Protein chains: 2
Amino acid sequence: MSTTQMMKGILDGCILAIIKNKEVYGYELAEKLEDYGFSNFSEGTIYPLLLRMQKEKLVTSTLKKSTAGPKRKYYRLTENGEQELQNFIERWEILQTNVNHVLAHETKKGKGV
Amino acid sequence: MSTTQMMKGILDGCILAIIKNKEVYGYELAEKLEDYGFSNFSEGTIYPLLLRMQKEKLVTSTLKKSTAGPKRKYYRLTENGEQELQNFIERWEILQTNVNHVLAHETKKGKGV
DNA sequence: CTCCTTTATCTTGTATTGCAAGGTATATGG
DNA sequence: CCATATACCTTGCAATACAAGATAAAGGAG
């Protein structure tokens, strides 16, 4: 059991949520996720994931010049992506409900963290 | 993105939580998890997971006769298992906080489910 | 007794996905 | 030309959920 495993299938949703608000590029996205508290994850995670999401038509990308390096690839949500984000939110809420229900089963015995 | 992927590393914690309260056997555990709302998962998920947890010394097992079939293997938490359950709860709370923070970023735009 | 159903466990193989490690490309400054 | 920072990509590995199928024990029908 590790934090790694708990991220499976959840990072996707978080990325969709961030992109929805405004165009972002990969490097920037990684920084934002760190700000949100998702630590210890590398570019080896984020770039393959973005490419996968583009292949699934959840996002589109546009190259734009940067002032300080190679071109940035900005991502934007497609309609499919918005739908998928909504699906993720619903699944996440159900998951939270179920897991918290199971844990309440345990913490009711008195183990306030 | 699927429900399957979102379960990674989370099922472990839920199982530990259920076992903590009272000895249960695999088949029974599967039924309980379904009651808690975890649908669509099979014995091919639960038995390998229980064996893995036993190998990691998180649980111990005892065989007991059943009135209606082969022997049942009852599982019980070890001290390591209790510790791991506490670790899981902490990780789960952090994950919830982070993901909900990201989603608030999105839902603030007005999309009440 | 033999066959079938229900209960209960285990094994094998596959797909998904997070991540470390390492590689490539562009702009600026010495 | 070379070093550094920014930015992106590829390869290979490890963890794990699950479908499909095998095994085993007990009770009832014929």
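Just so it is clear: chains get the letters A, B, ... in the order the sequence lines come, proteins before strands, and each one is counted from 1. None of the values given here were measured: they were computed from a predicted structure.
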Checking A/Ile94, A/Leu95, A/Val102 against A/Asn98 for side-chain contact (heavy atoms from CB on, under 4.5 Å), the one that qualifies is A/Ile94
N or O in side chain of [X] less than 4.0 angstrom from [N] OP1/OP2:
X       : N      : value
B/Tyr47 : C/dC10 : no
B/Thr45 : D/dC18 : yes
B/Arg52 : D/dT16 : yes
B/Ser66 : C/dA8  : yes

Check each of A/Lys73, A/Arg72, A/Lys22 against A/Glu28 using the salt bridge (charged side-chain N to carboxylate O under 4.0 Å, His left out) test, and report the only one that passes.
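With A/Glu28 as partner, A/Lys73, A/Arg72, A/Lys22 yield a single salt bridge (charged side-chain N to carboxylate O under 4.0 Å, His left out), made by A/Lys22.
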Do B/Lys64's NZ or CZ and the ring of B/Tyr74 fall within the cation-pi criteria of under 6.0 Å and 45°?
yes
Report the nucleotide, chosen from [options], that has the shortest atom-to-atom distance to any side-chain atom of [X].
X       : options               : value
B/Leu11 : D/dC18, D/dC8, C/dT9  : D/dC18
A/Lys73 : D/dT16, C/dA8, D/dC9  : D/dC9
B/Asp12 : C/dC10, D/dC8, D/dT16 : D/dT16

Take the protein atom [atom1] of [X] and the nucleotide atom [atom2] of [N], then report the distance between them rounded to whole Å.
X       : N      : atom1 : atom2 : answer
A/Glu28 : D/dA5  : CD    : P     : 20 Å
B/Leu49 : D/dA17 : CG    : C1'   : 9 Å
B/Ile46 : D/dT16 : CD1   : P     : 15 Å
B/Lys71 : C/dC10 : NZ    : P     : 13 Å
B/Leu63 : D/dT23 : CG    : P     : 20 Å
A/Arg72 : D/dC9  : CZ    : P     : 14 Å
A/Met53 : C/dT17 : CE    : P     : 11 Å
B/Tyr25 : C/dT7  : OH    : C1'   : 8 Å

Atom pairs, protein N/O to nucleotides 23-25 of chain C N/O, distance under 3.5 Å:
none

Heavy-atom nearest nucleotide on DNA chain D for A/Gly44 versus B/Ala68: which residue maps closer to 5'?
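Result of the comparison: A/Gly44.
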Looking at B/Cys14 and B/Phe38, what are the two nearest heavy atoms and their distance?
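Scanning both residues, the minimum pair turns out to be SG-CZ, 3.9 Å.
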Tell me yes or no: between the side chains of B/Thr60 and B/Gln54, is some donor less than 3.5 Å from an acceptor?
no
Which residues share a side chain to side chain contact (heavy atoms under 4.5 Å, CB included) with B/Lys57, sequence neighbours left out
B/Asn80
Below 30° counts as parallel, above 60° as perpendicular, anything between as tilted: where do the rings of A/His101 and B/Tyr36 land?
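It falls in the perpendicular class, over 60°.
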